[in-house]
Amino acid sequence: MKTKKYIVVIGGVLSGVGKGIATASIGKILNEYGYSLTGIKIDPYINYDAGTLRPTEHGEVWVTNDGGEIDQDLGSYERFLGIDIPKRNNITTGQVYKAIIDRERRGEYLGETVQFIPHVPNEIKDRIRAASEDYDVTIIEIGGTVGDYENIPFLFAVKGLERELGKENLIYVLITYMPVPSHIGEMKTKPTQQAIKLLQENGIIPDIILCRGKEALDDIRRKKIETYANIKREFVISAPDVKIVYEVPINFERENLGKKILTKLALEPKKEPNWEKWNVRLNNLRNPSTTARIGMVGKYLDIGEFSLRDAYVSINEALINAGAALGIKPKIEWIDSKEIEQQGVEILKNYDGIIIPGGFGATGIEGKIKTIKYVRENKIPFLGLCLGMQLAAVEYARNVCNLKEAHSREVLPDTPYPIITLLPSQQKAMEESQYGGTMRLGAYAAYIKPDTLVYKLYEKEGRIKQDMAKSFEPYRLGQLIDSQPATKYIVERHRHRYEFSPEFEKTLEDAGLVFSGHHHRLDGVKLAEFLELPEHPFFVATQAHPEFTSKFLTASPLFLGFLSATKKQ
Ligand code: GLN
């Protein structure tokens with residue numbers, strides 16, 4: 001067996017300086033040198049996963065193919081590396097302790113005292129090894145900042161891994177931040193020096209230091225860090241702010257970061273990097289042929305723009321990924337649906353396209369429904385995601401099929417026309433308070449009608465599948481139709497509880513709405529996954545979250561279709 005190589009990325013000074021993007025960029029660079037690579041994100045919190053975290057505080061919940069609800073950094077890895085990463089690549093303190101305590105309860109420690117050392121670091125190492133099984137190189141990002149109490153077990157575990165594997169098989173990258181206090185006007189290295197010292201208290205000497213900052217690192221500061229950390233200055237890398245995150249790997253390569261890391265890991269390049277496609281897309285974003293003003297109508301509390309960007313990071317990135325392919329710069333603006341309730345739909349004028357993203361609960365729903373009516377009637381490109389599809393169906397039922405009190409049972413449980421509802425099996429689970437079990441999470445197959453726009457868009461991007469993926473659990477693939485072995489399907493990820501009720505499909509379809517794709521459940525129930533409106537420049541909505549499968553080099557078909565349509569406005 002080949003020796004596995006590991007790169008551990010640790011933050012110093014403060015969090016929120018783009019550690020995830022730096023990690024993803026390092027990964028992408030090594031990929032370009034011919035190495036297969038995966039990423040692990042360690043989140044030191046005690047939550048088992050990110051499923052119940054508040055998106056406005058922690059950023060959006062990322063969903064994996066296998067139904068993991070995870071920190072958004074895994075999303076960056078997927079978009080940069082172009083791979084799908086499973087949920088086991090996210091390790092939390094909660095998971096580690098739960099596994100150990102469950103094992104102890106089952107009597108598997110046979111009278112041993114279960115202790116922090118060795119049991120906790122061993123569990124962490126086992127999880128790291130399992131996730132890295134199929135790859136040459138594994139890049140492990142440890143969440144938080146060195147010096148946090150909750151980081152210690154993970155630092156201890158990677159140090160143990162270093163001892164077991166040998167230093168040439170595991171290296172450390174420290175990502176620090178260089179502040180420029182406004183009254184001094186000079187970049188300060190002191191916090192970085194302290195981070196280095198804190199790391200050394202854990203027995204860890206960084207191999208590479210990435211210096212984040214507003215500006216590039218100058219020679220004086222590089223020298224200071226060289227002397228302080230005792231690492232050669234060529235391994236002190238400047239990482240100034242960028243406008244577009246996908247510039248980061250290119251910037252790193254200007255300092256030859258890839259080859260430096262390979263040397264540290266005693267590896268030779270397997271091929272020369274080819275950044276051509278990447279650069280073409282970057283240039284498309286830098287010099288777009290046009291700008292599209294996109295309104296995202298959601299439920300926003302009074303939070304700053306920064307948090308908003310974080311709460312919808314995957315949708316923003318999916319738009320940017322599509323924009324990079326098309327040469328269109330998406331200019332995203334957040335519109336609070338409550339404002340539409342108060343001020344009317346006039347504020348929607350002058351947008352080139354409108355997105356209604358996913359969401360939970362009853363706030364701002366009527367504003368979103370008004371928005372959909374407006375874009376439908378005024379032929380403004382519209383993309384509805386998850387809740388956005390549910391409300392598009394409700395709007396059509398109310399205003400076209402004349403079912404005036406149509407609603408989603410999530411908002412109005414005793415509506416006479418429950419267009420969106422819980423299926424009987426879910427209803428039962430909800431009554432028994434098993435909320436977790438009622439969510440449809442992860443990747444599901446949808447069978448697509450061949451003569452629809454959705455089909456065309458997926459086909460154009462090569463996303464229509466015919467072969468039945470063996471590794472795909474049958475319940476996610478759904479009913480295989482034996483009489484049509486070549487049934488074409490697509491796969492998208494889900495995170496929702498309510499479904500379009502099949503009993504209303506015919507009514508809506510007779511009135512002109514097209515249901516372009518369904519998931520066929522094993523019990524025969526067909527769940528609507530896509531709807532579209534012919535005779536409209538672009539009116540497409542999906543129960544899925546296509547933003548989770550968008551990658552920088554392979555954008556999402558629905559986002560490509562939507563953004564292209566805005567150009568014709
Ligand atoms: N609240 C809706 C549901 O649970 C939609 C969820 C979503 O948009 N992610 O079905």
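Here the structure is a predicted model, which is why all the values come from computation and not from measurement. The basis for the numbers below is simple: all heavy atoms, side chains too, and nothing from hydrogens, waters or symmetry mates. Every number for a ligand or one of its atoms is a count from 1 in the order of the listing.
Of the protein's heavy atoms, Y498 N, 2.7 Å lies nearest to atom 10 (O) of ligand 1. Ranking the protein heavy atoms by distance from atom 7 (C) of ligand 1 puts C386 SG, 3.0 Å first.
A salt bridge between K551 and E461 is absent, with no side-chain N of the basic residue lying under 4.0 Å from a carboxylate O of the acidic one. A salt bridge between E532 and K449 is absent, with no side-chain N of the basic residue lying under 4.0 Å from a carboxylate O of the acidic one. Under 4.0 Å is where a charged nitrogen must lie from a carboxylate oxygen, and between R440 and E499 at least one such pair does.
Close approach of ligand 1 to G359 (heavy-atom distance below 4.0 Å) involves ligand atoms 1 (N), 2 (C), 5 (C), 6 (C), 7 (C), 8 (O). Below 4.0 Å from some heavy atom of H545 lie the following atoms of ligand 1, by number and element: 9 (N). For ligand 1 and R497, the ligand atoms under 4.0 Å from any heavy atom of the residue are 3 (C), 4 (O), 10 (O).
F539 and Y396 have their aromatic ring centers separated by at least 6.0 angstrom.
Residue E410 touches ligand 1 through its side chain alone, judged by heavy-atom distances below 4.0 Å. Contacts between E499 and ligand 1 below 4.0 angstrom, taking non-hydrogen atoms only, are absent altogether. Both the backbone and the side chain of H496 come within contact range of ligand 1, each with a heavy atom under 4.0 Å.
Distances between N or O atoms of L385 and those of ligand 1 include no value under 3.5 Å. Residue R495 has at least one nitrogen or oxygen atom sitting less than 3.5 Å from a nitrogen or oxygen atom of ligand 1, judged on distance alone.
When each of Y444, W62, F559 is tested with F548 by the rule ring pair (Phe, Tyr, Trp, His ring centres under 6.0 Å), just one qualifies, namely W62.
Ring pair Y489/Y447 is tilted by interplanar angle, where 30° to 60° counts as tilted.
Summarising the local packing, CD of Q343 is surrounded by more than 12 heavy atoms from other residues, nucleotides or ligands at distances under 6.0 Å.
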